[in-house]
Structure formats: C-alpha cells, structure tokens
A.B. asks: 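Input: one structure, supplied below.
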Number of protein chains: 2
Amino acid sequence: MLSIGDLSRRTGVKVPTIRYYEQSGLLEATARTDGNQRRYGEAEAEKLGFIRHARDLGFSLDAIRALIELQDHPDRSCAEANALARDQLAEVTERIRRLQALERELQRIAEGCDGDGTAGSCYVLRSLADHGACETEHS
Amino acid sequence: MLSIGDLSRRTGVKVPTIRYYEQSGLLEATARTDGNQRRYGEAEAEKLGFIRHARDLGFSLDAIRALIELQDHPDRSCAEANALARDQLAEVTERIRRLQALERELQRIAEGCDGDGTAGSCYVLRSLADHGACETEHS
DNA sequence: TCTTGAACCTCTAGTGACTAGAGATCCTAC
DNA sequence: GTAGGATCTCTAGTCACTAGAGGTTCAAGA
C-alpha cells in the first residue's frame, strides 16, 4: 500500500492536489490506517495517472469526471469520449491561433522600441494606447 | 461625462470589470454625481482603452500597473516597458510551443477513435491512461 | 521501549481576474 | 409623478489549486 506521499512521487501529482481531487469527488475516498492516514493501491495509482495525463492535455476537471464515468462503464458508447477529445482539440487549436496573433503583435511592439528612450516617447507604451495601430486582428 | 455604462459600451469592458479595476487600484476613483454614480471623462476612457488592449495582449494586471506607472512618468527610461513587452512575448511564444505539443497529441488520440466502439475498447480512454504511448513530449 | 522528526491529518484562507446575485438607490423619459 | 432601466455596495462563487496553522501518526534508530 502506498502512502499519499508515495503516490505523489509516483504520479508527479502534489500531495495537496491529491487531497483536493478526493475532496472534489474525482478520486473516491480511499482506505485509511488506524491513525487515519490514506493508503492507496495500484488501481488508484493508475486512476491518478489517468487524471494527471488528461490534465496535462488541458482537460478540465469536469471533462475528466465525464471521462472517468465512461471508463467505469465500459459497455457504453465511446462517442462521448471521442467528442470530448475533439472539443478539447478544437479549443487548443483556437487558443494557438489567437496566441499567434498576439505573438505577431507583441513582436511588432517589442521591436519598435530598443529601450533606450524615455517613457514619454516609448513605442511600447504608444502601441498599447492605440489599438488602431495593430496590424493583426487580435481579440 | 460618461456613465459607467457609457464607458463600458465605448471600451468593451464590462461594467463590473470597470468597478473591479477601480477597486484593485488600476483606475483611480473618479468623480461622482450627487447620487453617488460614477462619471468619467476622456482621459479615463483612454486609460481604460490602454488597459483593455494590454489585457487583450495577455499582460497581467500587475504588469499593466507597472506600464501605467511608466506612462505617468514620461521622463523615466522606457527600458522597463520594453522588458515587459519582451517578457510577455517570450511567455506567449512558450505557451504556443506547449499548446502545439498538446495539439499533436490530441490529434493522434482523437484520430485513433471514430466514436463507434464501446468505452471498454475506446482508444481515447486508453491513450489517456497511458502516457507512455505519447509521441511528443508534452508538459 | 522510547524518541525523534518527517510525513501526515483537517481546516481555513488566498490566488487571479473576474462574474453573479441580492437588495437598495438613482436617473431619465414620458 | 411614476415607471423602469441603470447604478450603487456588498458578499460569495468560479477554477484548480496553493499556503499555512496547529495538531497527530508513523517508521527508523538508540
């Protein structure tokens, strides 16, 4: 049996985060020692690994809850899991698109200023004051 | 003079957000009517536009506070504004890089499953359980 | 068996940048 | 004068944790 610290080292999820996951119903309350300390088995370690991986991929805890629900009912259609993955993918793609617009804009702004002048004539500050000067359509 | 609603329509910043900015010291407390309602002039509208634009570009409120400080002291060196812009750019670039790794991974996962099977044999769920299967180094 | 001290426990509060809602007051157009 | 939309303050909620206080338990060494 693993203590919460063992589990943390194994999965790379911090101890308070594990407790938080239990509290928010993502992990079930687990076995305890006589002294009230949590003990985990292999199944729990795997489940936390799943959660960790899904979090790394940007899934919200709500989405992960839905995925776990599906995992627990292997007879159900996996269409939902598929949809969740595709939604997540679409969101990531969109975020990349918007960040790239920002990147271009920030590049333009940062390159217009060498940091030598005074704030009064600073191109960075002027650019921030004037959205109209933007070349790309950011948000 | 503009009411808070007018200002909101003009800048695209929501009314509660404007009040929140005032409360957190980003905007100074402004003139009020006898009935205690906020009234704004051109200068405030411009400042809020600046904040809005910087937020759109991903600057934190703390960074924006620093930028406003600089704006208010036009005689200071603009090196700091330049550094803030470059920091922000570096962060955006890094976020894009990480999101692109996620995108590739999610693409792989989503494409492995057509949503036709059952959860028990779902490629999405299996992929999420097994980080080892990942092809790119995400997070 | 006793004693350290690291690891564990619960609980509350804080983070950032808002957002939502309650309940009261104000402003403006008719 | 009145109706009702806009505004006011205040508190609490969001997400996914993180930090800290104050107390208890566990495991290894003497």
Side-chain angles (χ1 to χ4, degrees), chain A residues 1-27 29-40 44 47-48 50-68 84 87-88 91-92 95 98 102 139, chain B residues 1-27 29-40 44 47-48 50-68 84 87-88 91-92 95 98 102 139:
Chain A
M1 299 294 270
L2 303 162
S3 73
I4 198 168
D6 297 335
L7 185 65
S8 168
R9 272 180 294 280
R10 220 162 90 168
T11 57
V13 179
K14 290 187 194 151
V15 168
T17 305
I18 298 173
R19 288 198 275 251
Y20 169 74
Y21 285 166
E22 179 185 319
Q23 190 209 284
S24 54
L26 220 56
L27 293 170
T30 186
R32 301 273 182 139
T33 64
D34 289 349
N36 200 33
Q37 299 195 355
R38 293 168 180 84
R39 287 298 113 103
Y40 299 93
E44 275 116 332
K47 187 160 172 184
L48 186 55
F50 176 93
I51 295 171
R52 166 88 213 264
H53 192 196
R55 281 297 297 140
D56 283 351
L57 287 167
F59 287 86
S60 70
L61 294 193
D62 261 358
I64 294 173
R65 242 182 291 274
L67 289 168
I68 288 175
L84 281 167
D87 282 0
Q88 183 58 27
E91 211 169 286
V92 167
R95 255 154 69 194
R98 281 196 287 117
L102 296 191
S139 85
Chain B
M1 299 295 268
L2 303 161
S3 73
I4 198 168
D6 297 335
L7 185 64
S8 169
R9 272 180 294 279
R10 218 161 92 169
T11 57
V13 179
K14 290 187 195 151
V15 168
T17 305
I18 297 173
R19 289 199 274 251
Y20 169 74
Y21 286 166
E22 180 185 317
Q23 189 209 284
S24 54
L26 220 57
L27 292 171
T30 185
R32 302 272 182 139
T33 64
D34 289 350
N36 201 34
Q37 300 195 351
R38 292 167 180 84
R39 287 298 113 104
Y40 299 92
E44 276 116 331
K47 187 160 173 186
L48 186 56
F50 176 94
I51 295 172
R52 164 90 213 264
H53 193 195
R55 282 296 297 141
D56 283 349
L57 287 167
F59 287 86
S60 70
L61 294 192
D62 262 358
I64 294 173
R65 243 182 290 273
L67 289 167
I68 288 176
L84 281 168
D87 282 359
Q88 183 58 26
E91 213 170 285
V92 166
R95 256 155 70 194
R98 283 196 285 118
L102 297 191
S139 94

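Labels below follow one simple rule: chain letters A, B, ... track the order of the sequence lines, proteins then strands, and each chain is numbered from 1. Predicted model only: the values in this text are computed from it and were never measured.
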A.B. asks: Taking only residues two or more places apart in sequence or in another chain, which ones pass side chain to side chain contact (heavy atoms under 4.5 Å, CB included) with Asp62(B)?
C.D. replies: Ser60(B), Arg65(B)
A.B. asks: Report yes or no: does Thr33(A) contribute a side-chain atom to a donor-acceptor pair with the main-chain N or O of Gly35(A) at less than 3.5 Å?
C.D. replies: yes
A.B. asks: What's the spacing between Leu48(A) CG and Tyr40(A) OH if we round to 0.5 Å?
C.D. replies: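 The distance works out to 8.0 Å.
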A.B. asks: Residues in side-chain hydrogen bond (donor to acceptor under 3.5 Å, both in side chains) with Thr30(A), at least two apart?
C.D. replies: Glu44(A)
A.B. asks: Starting at atom CG of Asn36(B), determine the distance to atom P of dT7(D), rounded to an integer number of angstrom.
C.D. replies: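 Distance check: Asn36(B) CG to dT7(D) P gives 13 Å.
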A.B. asks: Nearest-Å distance, CG (Asp62(A)) to P (dC15(D))?
C.D. replies: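 Roughly 7 Å, once rounded to whole Å.
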A.B. asks: Please name all residues satisfying salt bridge (charged side-chain N to carboxylate O under 4.0 Å, His left out) with Arg39(A), sequence neighbours left out, ordered by chain then number.
C.D. replies: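 In terms of salt bridge (charged side-chain N to carboxylate O under 4.0 Å, His left out), with neighbours along the sequence ignored, Arg39(A) is linked to no residue.
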A.B. asks: Please determine if a side-chain N or O atom of Thr17(A) lies less than 4.0 Å away from the OP1 or OP2 oxygen of dA16(D).
C.D. replies: no
A.B. asks: With heavy atoms under 4.0 Å as the rule, sort Ser60(A) into base, sugar-phosphate or nothing.
C.D. replies: sugar-phosphate
A.B. asks: Below 4.5 Å, heavy atoms only, C-beta onward: do Leu26(A) and Tyr20(A) meet side chain to side chain?
C.D. replies: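 Result no, sub-4.5 Å side-chain heavy-atom pair not found.
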A.B. asks: Heavy atoms under 4.0 Å, any strand shown: does Ser24(B) hit a base, just sugar-phosphate, or nothing?
C.D. replies: nothing
A.B. asks: Taking the minimum atom-to-atom distance to the side chain of Arg39(A), which one of dT18(D), dA27(D), dT9(D) wins?
C.D. replies: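 Shortest atom-to-atom distance from the side chain points to dA27(D).
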A.B. asks: Who pairs with Ser3(A) by side-chain hydrogen bond (donor to acceptor under 3.5 Å, both in side chains), at least two apart in sequence or on another chain?
C.D. replies: Asp6(A)
A.B. asks: Quick one: list whatever passes side-chain hydrogen bond (donor to acceptor under 3.5 Å, both in side chains) with Arg19(B), sequence neighbours left out.
C.D. replies: none
A.B. asks: What is the first contacted nucleotide of DNA chain C and what is the last, in 5' to 3' order, if contact means an atom lying under 4.0 angstrom from a heavy atom of chain B?
C.D. replies: dA17(C) to dC27(C)
A.B. asks: Rounded off to whole Å, could you give me the OH-to-P distance for the Tyr20(B) and dA12(D) pair?
C.D. replies: 18 Å
A.B. asks: Could you give the CG-to-P distance, from Leu61(A) to dC15(D), as a whole number of Å?
C.D. replies: 9 Å
A.B. asks: For Arg32(B) and dT7(D), give me the distance from atom CZ to atom C1', rounded to whole Å.
C.D. replies: 10 Å
A.B. asks: Could you give the CD-to-C1' distance, from Glu91(A) to dC15(D), as a whole number of Å?
C.D. replies: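 Value for this atom pair: 13 Å.
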A.B. asks: Categorize Arg19(A) for me: base, sugar-phosphate, or nothing, with a 4.0 angstrom heavy-atom threshold over every strand shown.
C.D. replies: base
A.B. asks: Please check the phosphate of dA16(D) (OP1 and OP2 only) for any side-chain N or O of Tyr21(A) closer than 4.0 Å.
C.D. replies: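 So the side chain of Tyr21(A) is outside the cut-off, no N or O lying under 4.0 Å from OP1 or OP2 of dA16(D).
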A.B. asks: Name every residue in residues 8-16 of chain A that has at least one heavy atom under 4.0 Å from any atom of DNA chain C, in order of residue number, or write none if there are no such residues.
C.D. replies: none
A.B. asks: To the nearest 0.5 Å, what is the distance between NE2 on His53(B) and CD1 on Ile64(B)?
C.D. replies: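 Rounded to the nearest 0.5 Å, the NE2-CD1 separation comes to 11.0 Å.
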A.B. asks: Would you indicate what Phe59(A) reaches in the nucleic acid, counting non-hydrogen atoms under 4.0 angstrom: base, sugar-phosphate, or nothing?
C.D. replies: nothing
A.B. asks: For Leu27(B), which of Ile68(B), Leu7(B), Ile51(B) qualifies under side chain to side chain contact (heavy atoms under 4.5 Å, CB included)?
C.D. replies: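 Going through Ile68(B), Leu7(B), Ile51(B) one by one, the side chain to side chain contact (heavy atoms under 4.5 Å, CB included) with Leu27(B) is satisfied by Ile51(B) alone.
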A.B. asks: Sequence neighbours left out, what passes salt bridge (charged side-chain N to carboxylate O under 4.0 Å, His left out) with Glu22(A)? Give chain and number order.
C.D. replies: Arg32(A), Arg38(A)
A.B. asks: Figure out the CD1/P separation between Ile18(A) and dT18(D), and round it to whole Å.
C.D. replies: 12 Å
A.B. asks: Return the angle between end axes of the helix from dT1(C)-dA30(D) to dC30(C)-dG1(D), with five pairs used per end and rounding to 10°.
C.D. replies: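 It comes to 10° between the two terminal axes.
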A.B. asks: What residues form a salt bridge (charged side-chain N to carboxylate O under 4.0 Å, His left out) with Asp34(A), not counting sequence neighbours?
C.D. replies: none
A.B. asks: Ignoring hydrogens, what is the shortest heavy-atom contact between Leu84(A) and Ala66(A)? Give both atom names and the distance.
C.D. replies: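 Smallest interatomic distance, heavy atoms only, reads CD1-CB, 3.9 Å.
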A.B. asks: Please list, for nucleotides 20-24 of chain D, all pairs of protein and nucleotide N/O atoms separated by less than 3.5 Å.
C.D. replies:
none

A.B. asks: Looking at residues at least two apart in the chain, or sitting in another chain, which of them share a salt bridge (charged side-chain N to carboxylate O under 4.0 Å, His left out) with Arg95(B)?
C.D. replies: none
